[in-house]
Amino acid sequence: MKRIAVLTSGGDAPGMNAAIRAVVRTGLHQGWEVFGVRRGYAGLIAGNFISLDARDVGGIVQQGGTILGSARSPEFQTEEGRMKALRELRQRDIGGLVVIGGDGSQAGAHALSQMGLAVVGVSSTIDNDLYGSEITIGVDTALNIALEAIDRLKVTAASLQRAFLVEVMGRDCGYLALMAGIAGGAEAVVIPEMETDPEVVARGLRAAYDRGQAHAIVVVAEGARYNAEGLVRYFREHHERLGFDLRATTLGHVQRGGSPGAFDRLLATRLGAAATEHLARGEHGLLVGLLKGEIGATPLVEVVVGKKPLDARLLHLAEVLTK
Ligand code: ADP
């Protein structure tokens, strides 16, 4: 193999650039030519390749987002779309591909791998819902951004004597909300994995005031049944009885945009390098991730069916601490 390509796909995550940089520089170190694919699988189908040398990936390690751009590509979900993508790679004599992204992107990587391409995935999503890595690129930075918002809201909540709600990302996975709630000292956490009665949230907030706290905060995941919209509406409708309103702050994409912290830069760098090393050894059809604190690999065929449920001990801890 003389040429490889790298792409970022799905939701962007802080640290993706550090992973791109590591793939490019370790690939060059192997004596290969390295190409970047712009805009994920959509760019792969459209033949949107750029040649990358060591200097092209200079000065990006501290930047959030992805210099290659990302996309969601419905066309790639079709056999025909993937055939086009393979043709674009073969035309350029590119024999290996590194896919930096979350679970959807790794399902795509698996599909390409089954069509005979040498593919290695790099675990990257702020949701941390990817099987094959106990923590994924971007999670730590997103969590720190959520914590900064919670800390600031506590200050203003204390001045105003108001209850605040912070909505963090997580359509199906409450990891960010749970961890931000634990580390931010929230009074309640509401996540998609567990049905939460708004009355329980109200009791938690009321209890905080009753014990003399000047602020009360609830952290919710966007995908929870009672997310920001649902809870605010409920509190408004039952305002008389509950005695207070909730002010909601939705962090949304703000969580993605930050400069990656040390943890994400180092994780991304190590995972990017590991992906290239696997390709160099002729090992592919794998996802590289953090397993028991070490860099490890899991077959993509397992990744696409594997589930990563929330750690029950963390759920229990949150219940105890938010009392
Ligand atoms: P993430 O990787 O962050 O989970 P998405 O779920 O949006 O993001 O997936 C990114 C892209 O991966 C999709 O737009 C699509 O092109 C591709 N993809 C997702 N699921 C599959 C699948 N089952 N088979 C092939 N490609 C897929």
Side-chain angles (χ1 to χ4, degrees), residues 5-17 19-20 23 37-48 64-66 68-89 97-117 119-133 135-142 168-176 192 221-223 252-253 255-257 260 264 267-268 271-272 275 284-289 298-309:
V6 56
L7 62 81
T8 49
S9 167
D12 62 303
M16 279 181 158
N17 283 329
I20 295 168
V23 170
V37 182
R38 286 214 162 105
R39 306 198 62 246
Y41 292 129
L44 199 56
I45 291 171
N48 200 344
T66 157
L68 291 174
S70 187
R72 297 205 153 93
S73 166
E75 193 182 355
F76 188 77
Q77 307 245 25
T78 67
E79 175 91 20
E80 206 191 325
R82 291 195 293 275
M83 291 295 289
K84 266 202 227 169
L86 279 183
R87 273 200 300 276
E88 292 294 333
L89 288 162
L97 178 69
V98 177
V99 173
I100 303 167
D103 60 350
S105 305
Q106 302 309 337
H110 176 58
L112 281 181
S113 162
Q114 294 221 301
M115 292 165 90
L117 183 72
V119 188
V120 177
V122 170
S123 307
S124 180
T125 162
I126 66 164
D127 293 338
N128 205 29
D129 57 352
L130 182 60
Y131 181 89
S133 195
I135 193 145
T136 48
I137 297 168
V139 173
D140 184 69
T141 304
V168 302
M169 282 194 154
R171 265 170 302 170
D172 308 304
C173 175
Y175 182 88
L176 270 187
E222 62 176 331
H253 287 77
Q255 273 162 109
R256 290 189 190 277
D264 279 326
L267 177 64
L271 291 182
H284 44 81
L286 301 169
L287 174 78
V288 292
T298 308
L300 282 168
V301 63
E302 285 176 33
V303 171
V304 292
V305 292
K307 292 268 169 286
K308 189 163 75 171

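Just so you know, these numbers come straight off a predicted model, no measurement behind them. Computed from heavy atoms alone, side chains included, the values below leave out hydrogens, waters and symmetry copies. Whatever order the structure lists ligands and atoms in, that order sets their numbers, starting from 1.
- Other residues, nucleotides and ligands place more than 12 heavy atoms under 6.0 Å from the CZ atom of Arg256.
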Between Leu267 and Asp140, is a side chain to side chain contact (heavy atoms under 4.5 Å, CB included) present by the stated rule, with each step listed?
CA-CA 10 Å; Leu267 177 64; Asp140 184 69; over 6 Å; no

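- Taking all atoms of both residues into account, the shortest heavy-atom contact from Leu271 to Val288 is O-CG2, 3.5 Å.
- By the 4.5 Å heavy-atom criterion applied to side chains, Leu112 and Leu44 are counted as neighbours.
- When all heavy atoms of Ile135 and Ser133 are compared, the closest pair comes out as O-OG, 2.7 Å.
- Among residues two or more places apart in sequence or in another chain, the side-chain hydrogen bond (donor to acceptor under 3.5 Å, both in side chains) test is passed with Ser124 by none.
- Listed by chain and number, Ser9, Gly10, Gly11, Tyr41, Arg72, Ser73, Phe76, Gln77, Arg82, Gly102, Asp103, Gly104, Ser105, Ala107, Gly108 each place a non-hydrogen atom less than 4.0 angstrom from ligand 1.
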